[in-house]
Amino acid sequence: MNMDRGGVDLSNGLENVPVLIEAGSGALTFPQFQYSPDNIQGPGCTIDPSEVTLPGCCCLSHSCFTESCSCLQTHGQPYNSTGTLLNLTRTGSGYCSPVFECNVLCTCSDACSTRVVQRGLRLRLEVYSTKNRGWGVRTLEGIPQGTFVCEYAGEVISFEEARRRQLAQRSEENNYIIAVREHAGKGSVTETFVDPAVVGNVGRFLNHSCQPNLFMQPVRAHSVVPRLALFAGRDIDALEELTFDYSGGYENQHPVGLQSPQSDAAIQASRTDGLQRKECHCGSTNCVQFLPLDLSILN
């Protein structure tokens, strides 16, 4: 891959639109990884994410209606007619509820308004060299609030494999593993671990921010394995860096005035087995000084 010229498509044609790499950003060493726009089955994952495991509706209309669609009746309407996510409120519990889309077994059209994340990347994004945080991602066009931006795709792995990988990391290495916890009904919780370090998409280059402009939402389309979709939490300007909260994006979505810096005691308590959290350089007014660390993987 020639990093000295503009217009290079990081996805090598695997996305609907090219994922560009900033021209002249050769000062940083570009990581070696396999680009995949979708999740793949990794060590310990018992279900192939590409396997169709969810039932479909029998709608024959261009777009589904709640009155007649079994998908919408079961799971509710996730998007408006333009594909904008309707529920933009985040819970403060650290858990989330998934969104369900129509899938390949549904008889509605591919243009159905419930099919958003499965259509893939639609925005023009660029991977670029940031001032002090390595590689980052910025948008080349304005993004309205509630718009699907990209997935955080990679290897879907088990809890045990996630723990093994995190404990085996050297201090200078980046931790890409994201753990998302969902309410599964009747007090049960389901967890999904995704690692895009070796196989991943543009989402692996997104930086953390304590005041992000994206939030993560699990979305199920064809498989019970969720896609970790990132949506715009507010209107985003062209050339603005795209960021999300590495803790999952559900706890830092309150108004800025309600947030408080993490205390020294909390920072000390977040260190375990000699593992030191990395400093956060997001520059937010509410920055908690250190990147989030999923201690449940380590304990």
Side-chain angles (χ1 to χ4, degrees), residues 38-55 71 73-78 85-101 103 117-118 148 151-167 175-197 200 203 206 208 210 212 214-231 233 244-254 262 266 269-270 272-273 275 277 288 291-299:
D38 304 305
N39 287 329
I40 68 167
Q41 187 174 15
C45 179
T46 58
I47 302 175
D48 185 348
S50 65
E51 181 182 355
V52 181
T53 53
L54 295 178
C71 292
Q73 289 174 357
T74 302
H75 305 295
Q77 184 172 346
L85 190 67
L86 290 174
N87 183 10
L88 300 178
T89 61
R90 307 264 60 84
T91 68
S93 65
Y95 301 97
C96 54
S97 298
V99 158
F100 287 83
E101 297 188 355
N103 59 59
V117 174
Q118 63 190 267
F148 167 63
E151 282 190 55
Y152 193 86
E155 290 182 280
V156 181
I157 57 179
S158 65
F159 167 86
E160 291 76 16
E161 178 65 14
R163 183 177 186 275
R164 186 195 68 77
R165 291 186 182 187
Q166 198 165 50
L167 290 175
N175 173 36
Y176 292 98
I177 301 172
I178 289 292
V180 170
R181 296 168 180 82
E182 302 171 77
H183 285 298
K186 296 182 180 179
S188 62
V189 173
T190 180
E191 293 184 314
T192 303
F193 300 92
V194 174
D195 184 4
L206 291 168
H208 165 82
C210 300
L214 305 179
F215 65 88
M216 185 172 283
Q217 170 67 54
V219 175
R220 285 180 172 81
H222 320 301
S223 172
V224 294
V225 178
R227 300 167 181 247
L228 306 188
L230 290 150
F231 290 83
F244 74 104
D245 182 344
Y246 281 3
S247 68
Y250 300 100
E251 297 182 45
N252 277 344
Q253 296 301 321
H254 305 291
Q262 191 172 11
S270 69
T272 183
D273 294 333
L275 188 65
R277 289 177 74 178
V288 297
L291 296 182
L293 181 65
D294 195 328
L295 298 183
S296 67
I297 299 177
L298 300 169
N299 296 332

Taking the side chain as every heavy atom from C-beta outward, state whether [X] and [Y] have any atom pair closer than 4.5 Å.
X	Y	result
V225	Q41	no
F231	V117	yes
D245	H208	yes
E51	S223	no
L54	F100	yes
L228	F244	no
Y152	V180	no

Over all heavy atoms of both residues, which pair between [X] and [Y] is shortest? Give the atoms and the distance, please.
X	Y	value
P196	A153	CB-O, 3.2 Å
P78	G76	CD-O, 3.3 Å
P226	R220	CD-NH2, 3.7 Å
T53	V224	OG1-N, 2.9 Å

request  = Applying side-chain hydrogen bond (donor to acceptor under 3.5 Å, both in side chains), name anything that partners S50, two or more places apart in sequence or on another chain.
outcome  = D48

ask   = Residues in side-chain hydrogen bond (donor to acceptor under 3.5 Å, both in side chains) with R165, at least two apart?
value = E155, E161, D195

Can you tell me how far the [atom1] atom of [X] sits from the [atom2] atom of [Y], to the nearest 0.5 Å?
X	Y	atom1	atom2	result
R163	S158	CZ	OG	11.5 Å
E151	L230	CD	CG	9.0 Å
F215	L88	CZ	CG	5.0 Å
I177	F193	CD1	CZ	9.0 Å
N175	Q166	CG	CD	4.5 Å

task = Take N87 and Q217 through the test side chain to side chain contact (heavy atoms under 4.5 Å, CB included) and record every step on the way to the result.
result = CA-CA 10 Å; N87 183 10; Q217 170 67 54; over 6 Å; no

ask   = Distance-only, no hydrogens or angles: does the N39 side chain make a donor-acceptor pair with backbone N or O of G154 under 3.5 Å?
value = yes

inquiry  = According to ring pair (Phe, Tyr, Trp, His ring centres under 6.0 Å), who are the partners of Y176, at least two apart in sequence or on a separate chain?
reply    = none

query = Does H222 have any side chain to side chain contact (heavy atoms under 4.5 Å, CB included) partners at least two apart in sequence or in another chain, and if so, which?
reply = V52, N103, V104, Q118, R227

